[in-house]
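Just below is one structure, and these are the notes that go with it.
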Amino acid sequence: QVRLVESGGGLVQAGGSLRLSCAASGSIFNINAMGWYRQAPGKQRELVAVITSGGSTNYADSVKGRFTISRDNAKNTVYLQMNNLKPEDTDVYYCNVRGRLTVISKNGDHADFVSWGQGTQVTVSS
């Protein structure tokens, strides 16, 4: 019921920049948190950055000062500006969106949802 479309990954040299985008669409009543996670083969998915509906942000220590998360509430879109990229930033990056649907659940409230994007590869060469 909620579709996420990611874009912006690619190959970049160390020290370069990339900007990821993730647009949410579907039966959305409202969106709470929007975030980015990353995962390397054989490793657990880890939080990169998250932004709440009020604009509060939280970052992994490894990306603080280099990455910036932002959102456009009118477009239901979250962005991740990645500067000064390092080879260790190479991963598949996944968008995550949490909120409520237009669908009313049995308890009379809007149903919650958690959606993941399909993932976008970011490769940083040394």
Worksheet item: Between the main-chain N or O of Ser7 and the side-chain N or O of Arg19, is there a donor-acceptor pair closer than 3.5 Å?
Response: no
Fill in: Pairwise side-chain contact, Ser115 with Gln1, heavy-atom cut-off 4.5 Å (strictly under)
no
Discussion item. Tell me the closest heavy-atom pair linking Val122 and Met82, and the distance in Å.
Written reply: CG2-CE, 3.9 Å
Discussion item. Test your reading of the model: is there a side-chain donor-acceptor pair from Asp91 to the backbone of Ala40, 3.5 Å cut-off?
Written reply: yes
Response to the item:
Closest non-hydrogen atoms of Ser21 and Tyr79, given as atom of the first, atom of the second and distance, are OG-CD2, 3.3 Å
Worksheet item: Which atom names give the shortest non-hydrogen contact between Arg38 and Asp89, and what distance separates them?
Response: NH1-OD1, 3.0 Å
Worksheet item: What are the two closest heavy atoms between Asn96 and Tyr37, and how far apart are they?
Response: CB-CE1, 3.8 Å
Practice prompt. Please tell me if the side chains of Cys22 and Trp36 come closer than 4.5 Å, counting only heavy atoms from C-beta onward.
Written response: yes
Fill in: Cluster check Leu4, Tyr94: I/L/V/M/F/W/Y, side chain < 4.5 angstrom
no
Item to complete: Answer yes or no: is there a side-chain heavy-atom contact under 4.5 Å between Val78 and Leu80?
Response: no
Worksheet item: Any chain of hydrophobic side-chain contacts (each under 4.5 Å) joining Val48 to Tyr59?
Response: yes
Discussion item. Strictly distance-based, threshold 3.5 Å: is any side-chain N or O of Glu6 a donor or acceptor partner for the main-chain N or O of Gly119?
Written reply: yes
Worksheet item: Under a single-linkage definition using a 4.5 Å side-chain heavy-atom cutoff for Ile, Leu, Val, Met, Phe, Trp and Tyr, are Met34 and Leu18 assigned to the same hydrophobic cluster?
Response: yes
Discussion item. Can a side-chain donor-acceptor contact be found between Ser53 and Asn32 if the only test is distance below 3.5 angstrom?
Written reply: no
Item to complete: Of all the heavy-atom pairs spanning Ile28 and Ile31, show the shortest one and how long it is.
Response: CG2-CG1, 3.7 Å
Item to complete: Give the cluster check for Val63 versus Leu20: same hydrophobic cluster or not, with ILVMFWY residues linked at side-chain heavy-atom distances below 4.5 Å.
Response: yes
Item to complete: Please report the shortest heavy-atom distance between Arg98 and Val114, naming the atom on each side.
Response: NH1-CG2, 3.8 Å
Worksheet entry | Any donor-acceptor N/O pair, Arg66 side chain to Asn84 backbone, under 3.5 Å | yes
Discussion item. Between Thr90 (side chain only) and Val124 (backbone N and O only), is there a donor and an acceptor less than 3.5 Å apart?
Written reply: yes
Item to complete: Could you tell me whether the side chain of His110 reaches within less than 4.5 Å of the side chain of Ile104, counting heavy atoms only?
Response: yes
Worksheet item: Do Val97 and Ile51 belong together in a cluster built from hydrophobic side chains that touch within less than 4.5 Å?
Response: yes
Discussion item. Using salt bridge (Lys or Arg N to Asp or Glu O under 4.0 Å), reason through Lys64 and Asp61 one step at a time and then give a plain yes or no.
Written reply: CA-CA 5 Å; Lys64 284 181 181 177; Asp61 288 342; 3.1 Å; yes
Practice prompt. May I ask you to decide if the ring planes of Tyr93 and Phe67 are parallel, tilted or perpendicular, using 30° and 60° as cut-offs?
Written response: tilted
